[in-house]
Amino acid sequence: MAGRFAPRPAARPARTTARDGRAADPAGMPRQAPAPAPAASPSVRTWVPEGPLDLGLVLGPLRRGSGDPTFRALPDGSVWRTSLTPAGPGTLRVTRHGGEVRGEAWGAGAGWFLDRLPELLGAADDPAAFVPRHELLALTRHRRPGLRLARTGLVLESLIPSVLEQKVTTGEAYRAWRLLVRKYGEPAPGPAPERMAVMPPPRTWALIPSWEWHRAGVDDKRASTVLRAVRVAARLEEAAGMAPAAARARLELVPGIGPWTSAETVQRSHGAPDEVTTGDLHLPGIVGWALAGDRYADDAAMLDLLEPYAGQRHRAARLILLSGRTPARRAPKMPRWDIGRL
């Protein structure tokens, strides 16, 4: 084997000085890692809500499963969330101390987050406008006085996970959202809990390869709907400033976005108290059972039962779900299909 490779050059003597004139580390001694940069100081805002406020009830609908990279509720009572705001990525931590709410934010979107903190926590909502006409709803409202409807002011962050939830189990949808945001989003600014991330911008969603959608368990129909939506992201985000009905109409101009998806979106982006979800597999039966003992109610029957709550039908549905009065399961769960393994 001699002569197959050229001989290695002789080892150079270790330098005793660095290029900048400082003393170099002796040979073999590991260099000490630089100290981590201290976390940036947060921007802070405090706010005193009028009336009771339950952070879990208000912000809970924004969480897409227990592993959602954009949402975290900690045992100390704090709620963390990330958003891609018009000013850039941001992280928000919300805590409640007595009658005061404290918001701390990091990143380019910190100011945007804090400017809209009261709206996010339901300041624009009017719980007193709801007049219960069923004993169940009156009792549930009495037990849950801190329920307010959050308003994020952001459309795409609610639209994309709602599209992923079309026609599949929530577990499949949550898994897809978790995998895609963790892989293509960016780490959350500030001292956020481990593995939190900011959802990708529209261009990044548009560049996700087809096989990555497949690995996340997202079929071509839902992936294509997301791609069509992000191509007109700016126009869809404008809907945040529209009335809920007009916003839904704009969203539904995108093929693949129907009444179910648009309602699920504006309930969060607008805090819309009347935009009840239709086309859902379970909600009509739950409402029918709670208000009329009819577990087989369809959308038409559900809307008839909710007619006395016109203007507040979404709030009525939320209270029904919070009441825990649901019909017993009489069929197997919807099967879960992992297309990523095909």
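Just so it is clear, the structure is predicted and the values come from calculations on it, not from any experiment.
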Sequence neighbours excluded, the answer for side-chain contact (heavy atoms from CB on, under 4.5 Å) partners of Asp294 is Tyr296, Ala297

* Asked: Are any non-hydrogen side-chain atoms of Met302 and Leu283 less than 4.5 angstrom apart?
  -> yes

message = Check this for me, if you would: do Arg315 and Asp125 make a salt bridge, where the nitrogen-to-carboxylate-oxygen distance has to be below 4.0 angstrom?
response = yes

* **Arg141 side chain near Phe130 side chain, heavy-atom distance below 4.5 Å** => yes

Applying side-chain contact (heavy atoms from CB on, under 4.5 Å) to Arg195 and not counting sequence neighbours gives Arg182

With sequence neighbours left out, the residues meeting ring pair (Phe, Tyr, Trp, His ring centres under 6.0 Å) with Trp289 are none

One should read off an interatomic distance between Asp68 CG and Met196 CE, to the nearest 0.5 angstrom, of 7.5 Å

Contacts of Asp280 meeting side-chain hydrogen bond (donor to acceptor under 3.5 Å, both in side chains) (sequence neighbours excluded), chain-then-number -> Trp260

Residue pairs meeting side-chain hydrogen bond (donor to acceptor under 3.5 Å, both in side chains), one or both in residues 196-211, sequence neighbours left out, come to none

Side chain proximity check, Thr95 to Asp76, heavy atoms < 4.5 angstrom: no

Exercise. Do Glu212 and Arg215 meet the salt-bridge criterion of a basic N to acidic O distance under 4.0 Å?
Worked result: yes

With a 3.5 Å cut-off and sequence neighbours excluded, list the donor-acceptor pairs that the side chains of residues 142-150 form with protein atoms.
unit_1, atom_1, unit_2, atom_2, d
Arg148, NE, Pro52, O, 3.4
Arg148, NH1, Gly122, O, 3.3
Arg148, NH2, Glu50, O, 2.1

- Hey, does Ser262 have a side-chain heavy atom less than 4.5 Å from the side chain of Leu159? no

Please determine whether salt bridge (charged side-chain N to carboxylate O under 4.0 Å, His left out) holds for the pair Arg116 and Glu119, giving the CA-CA distance in whole Å, both sets of side-chain angles, and the decisive distance to 0.1 Å. CA-CA 5 Å; Arg116 289 156 182 80; Glu119 280 195 6; 6.0 Å; no

- Item | Pair Glu165, Ser162: side-chain N/O donor-acceptor within cut-off below 3.5 Å | no

Could you check if a side-chain atom of Met199 sits within less than 4.5 angstrom of a side-chain atom of Trp177, using non-hydrogen atoms only? yes

message = Using a strict threshold of under 4.0 Å (side-chain N to carboxylate O), is an ion pair present between Glu157 and Arg81?
response = yes

- Task: Determine yes or no for a side-chain-to-main-chain donor-acceptor pair under 3.5 angstrom, with His270 supplying the side chain and Ala239 the backbone.
- Result: yes

Is Arg268 paired with Glu264 through a side-chain N to carboxylate O contact shorter than 4.0 Å?
yes

query: With the threshold set at 4.0 Å, does a side-chain nitrogen-carboxylate oxygen contact exist between Arg102 and Glu104?
result: yes

**Asked** Can we call the ring centroids of Tyr309 and His314 under 6.0 Å apart?
**Response** no

- Message: Are the side chains of Val181 and Thr70 in contact, using a 4.5 Å heavy-atom criterion?
- Response: yes

Exercise for the section: Determine whether Val230 and Leu156 make a side-chain contact, defined as any pair of heavy atoms from C-beta on separated by less than 4.5 Å. Expected result: yes

